[in-house]
Amino acid sequence: MRMSAWVTASASVIGSSHVATGVPCQDACVIKTTKADEWVVIVVSDGAGTASRAEEGARHVVKFFSEELLKLVTELNKRSPGHWINDFVIEKVLQTRNALRQMAASDDIRDFNSTVVACLLGPSGGFAIHIGDGSIVGGYRSELVGVAAASLFVSAPENGEYANETFFITEGDWVKHLRVTPMPKMDWVLCCTDGGSSLALATETEIKYGFLGPVIQDVFSITDGVPRSKKLATYLSDPQADKVTGDDKSLAIAVKLGDMLPLDQYVFNAKNAKKVPLASPAQDAGGGVPMPLQPKRGKTFFSNFISEQEDQDAPTEPVKSLKRSRERLRLTVFLLSGLFVATILFVPQSLFSSIRGIFTTPPVKPSLSVEGNAGPEAASTPIEKKPTEIESVPPITPQLTNPVPVETDKT
Amino acid sequence: MNSVDYSSNPNQRTPCVLVLDASGSMDAVGPSGKTRIQALNEGIQALEKSLKEDDTALTRVQMAIVSVGGPADDADIMMDWTDVMNFQSFPLRTGGTTPLGKGIQVGLALIEQGKQNLKHAGISYTRPWMMVISDGDPTDDQSVWAAAAQECKAAELAKKVEVFCIGVEGANLHTLGELSVKPPLMLDGVKFRELFVWLSSSLSAASRSRPGDSLQLPSTDVWRNVGM
């Protein structure tokens, strides 16, 4: 029988550049398990170095999300996962933002700029929540053509063109950057801020085995009375870590000791999680915004939740732009048909009939073809749906979040 | 192409171009008794020292130098991209005129090229900086200077580069200031290490929008607006 209890360790350690400049540690992390260690909740947040109350923001994010996700377990024991989980996540983001507004006594909560890197995992799977940079990686068993394999789950960081520029839960357009990704039954999982990932990951989709292997082995396998999280923290505080990053660094790790294979056996499989072409909406064409990489899911407890997204391995960003261009097309066609109707109504009949004489086909046809186009487009939802199912949100956001005015202060 | 070894150092990079004025006018002696070029050379040494003192900067910052004027009396690349750990500052010699506008354009092109190199090598980078250290009296044709200044400001506003105009003693700050949306700074007061730390701390990719976003920068609060 497999031992399926979660064992955990987590630490946030101040970065050397924060020490040098007297800035506090702006990372925060929380890791919690349910009573029988059946479920684990991990929440990590990186407060932006440029925000004055970033550490408060990060602390609030991890406290609130961990509490709420833990409560969700009770719900999940009664009810199978589904779209309501997306709604749940969105609701929690909104509540977080409202709480921060109260802390700020203002609608502008950018002083609390912070990321969200979180997951909830139970006996048969779970899901990741991600806004901004930092990483969620984890190992799971997959079957490729009947052959057992070990794969790496990845929820990659989302940056702008520049490595130190990312997106925050505190911004007006958070909804564009919220990623909720179903996770299969995991053997182990790691959530980290970008400082943490520069130590633990070689690339967005590769573990630094030379670091993470020995750390996990020491923290989880050797019982010498030192608390696991304390042990993890010593690795993060090592002076050698400062040479890799001057940023605050957080790692939160949960493992099922009985299930875990050697780390290097878990390999990110580009076929399982289709490699998303780099595309950047706002920056220059060559820049990359890595979009969610979604592993293929097996049959799990979460398959209901997952099935909606089975066909969404397709690139998210290109889909967005495809969607945009379709919307643009629709708008254009709509305007053109409006113009056409106006022509019919207002152009003198004599002139109109002479124009009509030019065309052999009935003039109504263009608007009919619009209808014809709209149908198949609406039906081709597999590509159009976003992984987070957040289409339902935009109508709410304008009331709840004031778009951030972009000032261009030149003094 | 440059000679930087990426494989030994897979971190992210911060490209930094220095556009340095080595024109004849830099021989002028300032109130402190130093010539302007002496002050500039000392400034570069201070920059090297402070970046090397910071473990992260040591492995992250990449430098390139464009000299303006000097014995060759031209604006050209004097040093191509070099990691700070391999960088050794050297004194500049003065001479000739001040084609600063051309120097700016060479610098901006170097930055784009540096970004491309990093992209090809799969290395991430923070926003590049361009530091222009000069006495601020360009001798380009007025049209060349105006075009360069406009290009420079536009690049900054498009978040392609963070521009720092740094004047030596007695510099014409008004002219230098045309290069950036930020006010120019005097070389004496620049704290390069703080500048690096502050420039590499994480910020919003979506909206870099207000003065308060950057209050960690110590003692040079005129820079608080950087990061727009």
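Here is the naming used below: chain letters follow the sequence lines, and residue numbers restart at 1 for every chain.
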> So what's closer than 4.5 Å to chain B heavy atoms on S17(A): side chain, backbone, both or neither?
Replying inline: both
> Got a sec: does the CD of E53(B) have more than 12 other heavy atoms crowding it under 6.0 Å?
Replying inline: yes
> With only heavy atoms counted, which part of A20(A) is less than 4.5 Å from chain B, the side chain, the backbone, both or neither?
Replying inline: side chain
> For the atom pair CG (D242(A)) and CG (L58(B)), what is the distance rounded to the nearest 0.5 Å?
Replying inline: 12.5 Å
>> For V244(A) versus R60(B), what's the shortest heavy-atom pair and its separation?
In response: O-NH2, 3.8 Å
> Is it true that K115(B) and E161(A) make a salt bridge, defined as a side-chain N closer than 4.0 Å to a carboxylate O?
Replying inline: yes
>> For a quick check under 3.5 Å, do Y162(A) and Q12(B) share a side-chain donor-acceptor pair by atom type?
In response: no
>> Under the rule for side-chain hydrogen bond (donor to acceptor under 3.5 Å, both in side chains), what residues qualify as partners of D21(B), not counting sequence neighbours?
In response: S23(B), S134(B)
